[in-house]
There are 2 protein chains.
Amino acid sequence: MSSLRDFQARHDLSMEALCARILERHAATIRVKKPAVAIANLARIVETTLMLANRKGFHSTSLRDLTEQSGLSMGALYAYFDSKDTLLMMILGQVVGVVEEVLGHPPDGLANDPAARLRWLLRTHLFLTETMHPWFVFAYMEAKAFPKDGRDLAVSSEMMTEGMIANALADGVARGLCAVPDVTMAAALIKPMLQDWYVKRAKHRRRGITPDLYAEQLIAFVEAAVGLRRA
Amino acid sequence: MSSLRDFQARHDLSMEALCARILERHAATIRVKKPAVAIANLARIVETTLMLANRKGFHSTSLRDLTEQSGLSMGALYAYFDSKDTLLMMILGQVVGVVEEVLGHPPDGLANDPAARLRWLLRTHLFLTETMHPWFVFAYMEAKAFPKDGRDLAVSSEMMTEGMIANALADGVARGLCAVPDVTMAAALIKPMLQDWYVKRAKHRRRGITPDLYAEQLIAFVEAAVGLRRA
DNA sequence: AGATATAAAGCGAGCGCTCGCTCGATTTTT
DNA sequence: AAAAATCGAGCGAGCGCTCGCTTTATATCT
């Protein structure tokens with residue numbers, strides 16, 4: 001069974017790789033021409049933003065805090081975004097994009113094995129949020145407070161992953177592998193347990209729970225709940 | 001089995017009753033002498049604060065917004081709290097207090113019936129958060145961003161309810177009613193499903209899920225997960 | 001019962017300050 | 001020397017909060 005290390009070896013989710021994607025997406029806004037410079041500074045900006053916002057909230061983080069901690073000046077920051085909200089949307093958009101990319105393409109072998117697909121979904125979601133922890137905490141905590149676009153994006157992303165879980169369950173029911181009275185409801189109950197890993201990670205860490213351990217226990221819990229035999 | 005209506009008949013959680021308790025707790029700070037006046041205005045202040053803060057965040061809600069929507073002047077507001085943070089702590093403290101009061105005293109008959117006690121805990125938690133929905137959303141969304149006291153209070157309150165769930169599970173295991181590999185972990189998985197009811201209530205409502213329905217489905221899900229036979 | 005005195009409650013302009021953001025000057029790279 | 005990138009003082013708006021003043025409610029005295 002795949003571990004966190006395997007997952008991280010398969011996907012390049014380094015700050016540089018993620019910021020290269022942000023640069024592509026927002027080329028129209030970013031005024032800096034040389035990609036190498038732009039990516040390096042975006043990395044500094046995003047890293048600092050995530051750190052400060054996760055400590056005291058994005059709204060409470062001022063651009064002066066950001067200049068001090070990142071080492072860039074006010075004017076330099078505004079060569080990368082045209083408003084504070086745009087900075088938020090850059091990060092949020094990247095999170096949503098990665099979720100779609102990583103969770104949207106399960107391995108081919110799982111198409112006819114809903115139980116394995118469910119396990120893969122849960123495990124991959126946990127490993128992804130573990131690897132990009134500050135990004136997901138940011139998206140979860142800030143998405144609601146900001147522009148309508150952002151909220152809609154976050155909601156539709158959540159509905160997508162929830163839908164994939166519901167599909168795996170429905171597939172399992174259709175094949176007689178498990179009995180779930182309402183797959184939509186079951187998926188809606190499973191989602192917050194996935195989110196709890198990154199929202200309350202400090203608590204789980206304090207108890208000595210690693211990502212692999214959490215994955216194993218969550219999968220066992222869910223399989224028992226939906227009446228799937230253990231694999 | 002007890003319904004939401006039964007729950008609301010047993011506990012007076014009206015805005016007036018809750019604000020009377022806030023007045024008691026903060027008598028030292030509140031400069032208004034006549035309880036009737038103080039309670040009525042506190043109710044206006046708290047109601048408005050919850051509405052605005054849940055719409056756009058507490059930090060983004062200015063005291064000018066609050067004066068406009070509540071009909072009270074700047075000076076009048078400051079007769080009820082001495083800083084914006086104190087206003088936050090008033091609401092947060094009341095939420096924590098009610099949780100302790102309502103969940104901390106299960107009916108006597110349940111002491112020797114862990115399965116029934118677990119059901120009672122889940123159901124009561126859902127009904128409580130349903131009845132005081134804006135209060136709980138506020139506490140959940142804002143607690144992290146504000147003074148250390150507030151965060152500690154919220155964390156310890158969460159640990160308390162989680163502990164009560166874990167106790168019921170441990171009791172069930174000891175009596176051979178169910179098999180749970182790690183009761184702390186199981187309780188940690190159950191808690192976010194409880195919270196999801198109020199954090200994502202709009203989504204559940206859109207799907208036609210009532211509090212009673214959610215309670216029933218959640219209880220079934222949890223009982224299957226921990227291997228408890230249905231009652 | 002009406003007039004007066006005192007206390008309680010409410011008012012809102014204005015204070016000092018920080019915010020997001022701009023832009024002409026300056027430095028660095030090509 | 002031209003182009004690209006960075007700098008940071010300064011702008012107006014909006015923030016939490018104060019305080020001298022007015023209005024309303026209650027107690028006291030003819």
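Proteins come first, then strands; the chains are lettered A, B, ... in the order of their sequence lines, and each starts at number 1.
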Verify the contact: side-chain N or O of [X] to OP1 or OP2 of [N], cut-off strictly under 4.0 Å; return yes or no.
X     : N      : value
A:S62 : C:dC19 : yes
A:S73 : D:dT6  : no
A:N41 : D:dA5  : no
A:K34 : C:dT30 : yes

Task: Whether over 12 other heavy atoms sit under 6.0 Å from A:Q8 CD - done: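 For A:Q8, atom CD is crowded (more than 12 foreign heavy atoms under 6.0 Å).
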- [ ] Give a yes or no on whether B:E162 atom CD has more than 12 heavy-atom contacts from other residues, nucleotides or ligands under 6.0 Å away.
- [x]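 Yes - once you tally the heavy atoms of other residues, nucleotides and ligands closer than 6.0 Å, there are more than 12.
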TODO: Going by the ring-ring contact (aromatic ring centres under 6.0 Å, His included) test, name the single residue among A:Y214, A:F127, A:F136 that passes it with A:W197.
DONE: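 For A:W197, the ring-ring contact (aromatic ring centres under 6.0 Å, His included) check succeeds only for A:Y214.
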Task: Side chain B:R44 and base C:dG10 donor-acceptor under 3.5 Å - done: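 No, no donor-acceptor pair under 3.5 Å.
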Open item on the list: Once hydrogens and angles are ignored, does a donor-acceptor distance under 3.5 Å link the base of D:dG16 to the side chain of B:R64?
Closed with: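 Per atom types, the contact qualifies.
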Spacing between [X] atom [atom1] and [N] atom [atom2], to the nearest angstrom:
X     : N      : atom1 : atom2 : result
A:F81 : D:dA5  : CZ    : P     : 16 Å
B:L87 : D:dC15 : CG    : P     : 16 Å
B:L66 : C:dC11 : CG    : C1'   : 15 Å
A:D85 : C:dC19 : CG    : P     : 16 Å
A:M74 : D:dC7  : CE    : P     : 12 Å
A:D82 : C:dC21 : CG    : P     : 8 Å
B:Y78 : C:dA13 : OH    : C1'   : 16 Å
A:L72 : C:dT27 : CG    : P     : 18 Å

TODO: Find the distance between CE (A:M90) and CG (A:L18) and round it off to the nearest 0.5 Å.
DONE: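 It comes to 14.0 Å.
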Open item on the list: Students often mix this up, so state it plainly: with edges at 30° and 60°, are the rings of A:Y140 and A:Y198 parallel, tilted or perpendicular?
Closed with: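 A:Y140 vs A:Y198 ring planes: perpendicular.
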Open item on the list: Just to be sure I understand the rule, does A:S83 reach a base, reach only the sugar-phosphate, or reach nothing, if contact means heavy atoms closer than 4.0 Å?
Closed with: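 Counting heavy atoms under 4.0 Å across all strands, the contact made by A:S83 is with sugar-phosphate only.
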Open item on the list: At 4.0 Å (heavy atoms only), tell me whether A:S60 reaches a base, stays on the sugar-phosphate, or touches nothing.
Closed with: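 The residue A:S60 makes no contact with any strand.
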TODO: Return the nearest nucleotide to the side chain of B:A76; candidates are C:dG10, D:dT6, D:dG16.
DONE: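 The nucleotide sitting nearest to the side chain is C:dG10.
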Task: B:G75 or B:V32, whichever maps to the more 5' nucleotide of DNA chain C - done: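 Checking each residue's closest nucleotide, the 5'-ward one belongs to B:V32.
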